[in-house]
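Each ligand, and each atom within it, is numbered from 1 in the order the structure gives. Computed over heavy atoms, backbone and side chain alike; hydrogens, waters and symmetry mates excluded.
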Amino acid sequence: MSEPIDTLWLDEEANEVKYIDQTKLPNELVVKSTINLDEMYRAIEKLEVRGAPAIGVFAALSMYVIAANITAQTLGDYVKEYIRCSNHLETARPTAVNLSWALGEMIKELNRFTNNRFDCSLHSKSLDSIELDDTLRDSITYVLKKKALTIWENNINECKAIGENGLRFIHDGDGILTHCNAGRLATVRYGTATAPIYLSHEKGMNIKVFCDETRPLLQGARLTAYELMESGIDTTLQCDNMVASLMASGQINSVFVGCDRIASNGDVANKIGTSGVAIIARHYGIPVYVCGPTSSIDMSIATGEDIVIEQRNGSEVTKMWYNSEMSHKNVKVYNPAFDVTSHELITAIITEKGVAWPDYKSGLETLMGQVDSIRRE
Ligand code: MRU
């Protein structure tokens, strides 16, 4: 079996971002390239690139490519244009914190660069008097490229570590249910919820994975089933409304899902339907593991009530997968893209830094403390 290609990467020769267009899977493997802000925005909005960590990495690579193409006469104008593009990209989708996290990391890098060199703040007027010659432009571009590539590479290593940290929760013979796609397509490689699954498969464990189809955009049917099948894993697809029946049948030992934003109390926003899965799992005494990098943790919010949930177009429910409109054309449609699973329903949160257990507040604080100290080193 050949190694799958990465979900997205920087083509350093062409200075373009390359990514798999996930709207075309599983029937076609289409790789797109872009250097254009509007295309980048649309790629995120239309879910050509999707999954919280992948969106973050894509945004970081995109901002490097955009920065490399900014034509400004002064450093002040350069920074203004950079911030304008970054702010625009940030509005493409609201729920996954990885998008604003990655854009923030890139801005911090630019800020650090201007501070170190010019000893002035990002919005300082004194930047306006600094001419942007080729040497200065090359230095900024170098710094931003290095940062974007670090975010890309870190994502690979983080997913690997999530796999290692999550492996102990999988046992030979297990049936594992997953919702949406928290697989390699939602990251650069390996995935989050799928990382322990891939690792257990690699170690020769006999596991069976059950994918929820994930209405309305079918990430489970189109993407998770595809990538697991391509990896030779025993995979079964079921509709979302079959979860209770499946759990009642005794075939499920654990639930592994990803996350788009984790609040400081451990509430988790993830693909719509995740909270329902967790409620049913609690009824049947099945553990629920949430997997994600620490960049998905938002310690600035107290609970899941503070998470903005994206509402998407109703046509995704009534039309997208049908030859013609399948519902009354004027019916109102409720189409939130995510829901919040209460921390009370989550058995453990698996990150690259380790595992957080209830009480999540202190567990997550400890994990984030480790991240901060690594950044300070
Ligand atoms: O709307 P999507 O497809 O971007 O939603 C993706 C999910 O909800 C994933 O489970 C989540 O982003 C984690 S991906 C590792």
Considering the heavy atoms of Asn181, write down every atom of ligand 1 situated less than 4.0 Å from one of them. 9 (C), 14 (S)
Closer than 4.0 angstrom: is that true for some heavy atom of Ala96 and an atom of ligand 1? no
Looking at Lys18, Arg189, Arg184, which hits salt bridge (Lys or Arg N to Asp or Glu O under 4.0 Å) with Asp6? Arg189
Going by heavy-atom distance to atom 14 (S) of ligand 1, choose the closest among Gly292, Ala186, Gly183, Ser296. Ala186
Does the salt bridge (Lys or Arg N to Asp or Glu O under 4.0 Å) test come out yes or no for Lys160 and Glu164, once each step is laid out? CA-CA 6 Å; Lys160 230 180 181 169; Glu164 279 149 17; over 6 Å; no
Out of curiosity, His179 NE2 to Thr341 OG1, how far, rounded to the nearest 0.5 Å? 9.0 Å
Less than 3.5 Å between some nitrogen or oxygen of Asn270 and one of ligand 1, yes or no? yes
Could you tell me, atom by atom, which parts of ligand 1 come under 4.0 Å of a heavy atom of Cys180? 5 (O), 6 (C), 7 (C), 8 (O)
Subset of ligand 1 atoms that lie under 4.0 Å from at least one heavy atom of Asp260: 7 (C), 8 (O), 9 (C), 11 (C), 12 (O)
Does ligand 1 have a heavy atom under 4.0 Å from the side chain of Thr274, from its backbone, from both, or from neither? neither
For Ala182, take its heavy atoms, then give the atoms of ligand 1 lying under 4.0 Å from any of them. 14 (S), 15 (C)
Counting only heavy atoms closer than 4.0 Å, does ligand 1 sit against the backbone of Cys291, its side chain, both, or neither? neither
So, Asn335 and Glu316: side-chain donor and acceptor under 3.5 Å apart, yes or no? yes
Does any part of the side chain of Arg261, heavy atoms only, come nearer than 4.5 Å to the side chain of Asn98, both counted from C-beta? no
With a cut-off of 4.0 Å, which atoms of ligand 1 are near a heavy atom of Pro53? 14 (S), 15 (C)
Distance filter under 4.0 Å to Arg93 heavy atoms, resulting ligand 1 atoms: 1 (O), 2 (P), 4 (O)
Would Asn181 and Arg50 count as having a side-chain donor-acceptor pair, cut-off 3.5 Å? yes
Purely on distance, is any nitrogen or oxygen of Thr192 under 3.5 Å from one on ligand 1? no
Can a side-chain donor-acceptor contact be found between Asp38 and Asn36 if the only test is distance below 3.5 angstrom? no
Determine, stepwise, if the pair Glu109 / Lys146 fulfils salt bridge (Lys or Arg N to Asp or Glu O under 4.0 Å). CA-CA 10 Å; Glu109 199 62 20; Lys146 201 158 157 242; over 6 Å; no
Take the angle between the ring planes of Tyr289 and Phe256 and call it parallel below 30°, perpendicular above 60°, tilted in between. tilted
For ligand 1, note which part of His179 has a heavy atom under 4.0 Å away: side chain, backbone, both or neither. neither
Between Lys271 (side chain only) and Ala337 (backbone N and O only), is there a donor and an acceptor less than 3.5 Å apart? yes
Judging by distance only, is a nitrogen or oxygen of Ala52 under 3.5 angstrom from one on ligand 1? yes
Out of all atoms in ligand 1, which are within 4.0 Å of some heavy atom of Gln219? Include the element for each. 1 (O), 2 (P), 3 (O)
With backbone taken as N, CA, C and O and side chain as the heavy atoms from C-beta onward, which portion of Lys271 lies under 4.0 Å from ligand 1: side chain, backbone, both, or neither? both
Can you see which heavy atom on Val257 is nearest to which on Ala193, and at what distance? C-CB, 3.6 Å
Gly51, any N or O under 3.5 Å of ligand 1 N or O: yes
Using distance alone, with no hydrogens and no angle criterion, decide if Thr294 and Glu352 have a side-chain donor and acceptor under 3.5 Å apart. yes
Is the shortest distance from a heavy atom of Ala337 to ligand 1 less than 4.0 Å? no
Work out whether the distance between some heavy atom of Glu310 and some atom of ligand 1 is less than 4.0 Å. no
Consider ligand 1: state whether an atom of it lies below 4.0 angstrom from any non-hydrogen atom of Gly191. no
Return the residue, atom name and 0.1 Å-rounded distance of the protein heavy atom closest to atom 3 (O) of ligand 1. Arg50 NE, 2.5 Å
For the rings on Phe58 and Tyr19, is their centre-to-centre separation under 6.0 Å? yes
